[in-house]
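Right, one structure below, let's go through it.
The structure displayed is predicted, hence computed values, not measured ones.
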Amino acid sequence: MMKYGMFKGIYHGKQYHATDIAAVLSRAWSAGVQRIIVTGGSLEESREALKIAETDGRFFCTVGVHPTRCKEFEESGDPETYFQALLSLTKEGIEKGKVVAVGECGLDYDRLHFCPADIQKKYFEKQFELAHATKLPMFLHMRAAAEDFCDIVERNKQRFCAGVVHSFTDSAEDRDRLLAFSNLYIGINGCSLKTAENLDVVKGIPIERLMIETDSPYCEIKNTHAGIKFVKSVWASKKKEKHDEQCIVKGRNEPCLVRQVLEVLAGCKGIADINQLSETLYHNTCRVFFPQDLDSAADALLAGSQVLDEKN
């Protein structure tokens with residue numbers, strides 16, 4: 001998953017360097033990234049995500065409203081019209097083969113100064129209508145809100161096919177609450193791997209229920225994080241003020257660094273075969289966001305077995 005602004009060279013509203021997305025993507029493809037999902041966090045951001053997704057066959061996107069942005073439903077002047085615009089955009093993106101999930105949506109009680117809990121809950125629940133109408137999976141956000149989050153998911157569990165709770169940083173108890181929903185996966189990134197306690201929580205997530213991500217340009221693995229001891233792949237870096245396209249920007253996460261998340265996951269779980277782990281995680285991701293790939297693979301396997309039968 002990827003958010004786009006800093007890759008235009010803009011940090012906190014100030015231009016520091018030219019757009020370097022071509023170099024960022026070159027590093028991603030070289031590192032083995034096969035697809036990138038650009039996440040939408042509001043109606044306007046989702047429109048932009050769809051435009052970006054149309055620029056490359058390996059790009060896809062989500063449509064939805066982040067919990068900290070849910071006041072936009074009411075500030076628009078007509079929440080239902082805002083919702084219908086989301087629905088229309090989602091359907092347009094599905095027709096183009098680009099929108100693969102509803103989201104990013106959920107609850108964030110760490111940042112109530114952006115949007116109060118009652119508004120967050122109301123419009124988190126509303127977005128299940130979007131998932132139900134489009135039959136799309138959900139890209140979910142849960143921060144310090146497990147009880148209310150799980151209550152809402154429980155009420156709506158028949159209205160969405162599957163989902164991932166991304167950037168998971170909560171407790172073992174909250175992890176187990178999520179795993180109790182058979183159609184939910186847990187997504188981890190650098191923010192999930194900061195402390196020894198984080199690593200212990202991640203150890204307890206079954207591989208078949210895991211996904212990895214960067215959430216770039218945020219959530220990089222830092223030298224102060226507990227997981228850094230397992231990182232093997234490194235890239236040269238420079239500060240944004242001394243930008244060099246051949247280097248990653250210090251403090252700005254990017255898609256190639258998903259490799260580091262994989263390495264930390266393998267290390268903390270004691271898994272030696274990192275390639276097999278990668279395949280399993282990719283399969284999990286395809287199962288939720290690209291199920292047609294699994295259908296094609298199954299068809300190919302079936303066709304192969306028929307050829308073998310004919311030869312025998």
Side-chain angles (χ1 to χ4, degrees), residues 1-2 23-38 56-60 100-101 137 139 162-168 175 179 184-194 196 198-216 219-223 225-237 248 253-305 308:
M1 300 290 178
M2 172 181 171
V24 168
L25 292 177
S26 177
R27 283 191 288 272
W29 311 139
S30 296
V33 173
Q34 294 188 19
R35 289 183 171 105
I36 291 173
I37 300 175
V38 182
D56 192 292
R58 296 161 289 189
F59 280 6
F60 301 87
V100 296
F139 182 61
V164 59
V165 181
H166 94 116
S167 193
F168 182 76
R175 171 200 68 200
L179 292 173
L184 283 186
Y185 291 74
I186 295 177
I188 64 166
N189 56 34
C191 288
S192 314
L193 306 166
K194 288 182 178 180
N198 289 154
L199 297 182
D200 283 341
V201 172
V202 166
K203 280 182 193 176
I205 306 173
I207 295 299
E208 63 272 14
R209 300 289 296 279
L210 263 170
M211 295 185 197
I212 58 173
E213 60 166 2
T214 58
D215 202 30
S216 57
C219 296
E220 77 273 25
I221 297 174
K222 298 180 179 179
N223 289 335
H225 290 179
I228 193 70
K229 62 188 175 184
F230 298 116
V231 169
K232 296 184 175 70
S233 301
V234 293
W235 283 259
S237 65
I248 65 173
N253 202 4
E254 61 176 73
C256 68
L257 297 174
V258 74
R259 177 82 190 181
Q260 294 184 342
V261 181
L262 177 67
E263 289 167 354
V264 176
L265 178 62
C268 80
K269 278 185 166 287
I271 296 172
D273 191 343
I274 198 168
N275 292 326
Q276 181 57 53
L277 174 61
S278 177
E279 286 182 19
T280 300
L281 298 171
Y282 189 66
H283 181 90
N284 295 345
T285 306
C286 288
R287 180 174 289 171
V288 174
F289 298 116
F290 305 102
Q292 69 279 3
D293 281 18
L294 302 185
D295 293 340
S296 299
D299 289 344
L301 285 171
L302 183 60
S305 67
L308 285 173

Any donor-acceptor pair under 3.5 Å from E263 side chain to K232 backbone:
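Yes.
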Do any N or O atoms from the side chain of Q260 and from the backbone of S233 form a donor-acceptor pair under 3.5 angstrom?
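Yes; at least one donor-acceptor contact below 3.5 Å.
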For [X], what residues pass the side-chain contact (heavy atoms from CB on, under 4.5 Å) criterion, not counting sequence neighbours?
X	answer
V261	I188, L193, I212, I221
S278	L262
V165	L140, M142, F149, L178, L184
A31	W235, C256

Non-neighbouring partners of F230 that pass ring pair (Phe, Tyr, Trp, His ring centres under 6.0 Å), sequence neighbours left out
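Residues passing ring pair (Phe, Tyr, Trp, His ring centres under 6.0 Å) with F230: none at all.
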Which residue pairs pass the side-chain hydrogen bond (donor to acceptor under 3.5 Å, both in side chains) test with at least one member in residues 26-38, sequence neighbours excluded?
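Those involving residues 26-38 are R27-E254, Q34-Y282, R35-Y282, R35-D293.
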Any salt bridge (Lys or Arg N to Asp or Glu O under 4.0 Å) involving residues 280-292? Give me the pairs, sequence neighbours left out, ordered by first then second residue.
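Pairs touching residues 280-292 that pass the test: none.
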Checking R209 now: which residues fulfil salt bridge (charged side-chain N to carboxylate O under 4.0 Å, His left out) with it, not counting sequence neighbours?
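Once residues adjacent in sequence are excluded, R209 has no partner under the salt bridge (charged side-chain N to carboxylate O under 4.0 Å, His left out) criterion.
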Who are the salt bridge (charged side-chain N to carboxylate O under 4.0 Å, His left out) partners of E220, not counting sequence neighbours?
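Applying salt bridge (charged side-chain N to carboxylate O under 4.0 Å, His left out) to E220 gives none.
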Member of V288, L281, I186 meeting the side chain to side chain contact (heavy atoms under 4.5 Å, CB included) criterion with M211
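It is V288, the one option of V288, L281, I186 that forms the side chain to side chain contact (heavy atoms under 4.5 Å, CB included) with M211.
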Distance-only donor-acceptor pairs under 3.5 Å for side chains of residues 266-274, two or more places apart:
{"from": "K269", "atom 1": "NZ", "to": "K203", "atom 2": "O", "distance (Å)": "2.8"}
{"from": "K269", "atom 1": "NZ", "to": "I205", "atom 2": "O", "distance (Å)": "2.8"}
{"from": "D273", "atom 1": "OD1", "to": "N275", "atom 2": "N", "distance (Å)": "3.3"}
{"from": "D273", "atom 1": "OD1", "to": "Q276", "atom 2": "N", "distance (Å)": "3.0"}

With sequence neighbours excluded, residues passing side-chain hydrogen bond (donor to acceptor under 3.5 Å, both in side chains) with N189
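N189 satisfies side-chain hydrogen bond (donor to acceptor under 3.5 Å, both in side chains) with S167, E213 once adjacent residues are dropped.
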Go through the structure and list residues passing side-chain hydrogen bond (donor to acceptor under 3.5 Å, both in side chains) with D200, not counting sequence neighbours.
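Partners of D200 under the side-chain hydrogen bond (donor to acceptor under 3.5 Å, both in side chains) test: none.
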Inter-residue atom distance I228.CD1 - K222.NZ, 0.5 Å rounding
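So the gap between those two atoms works out to 11.5 Å.
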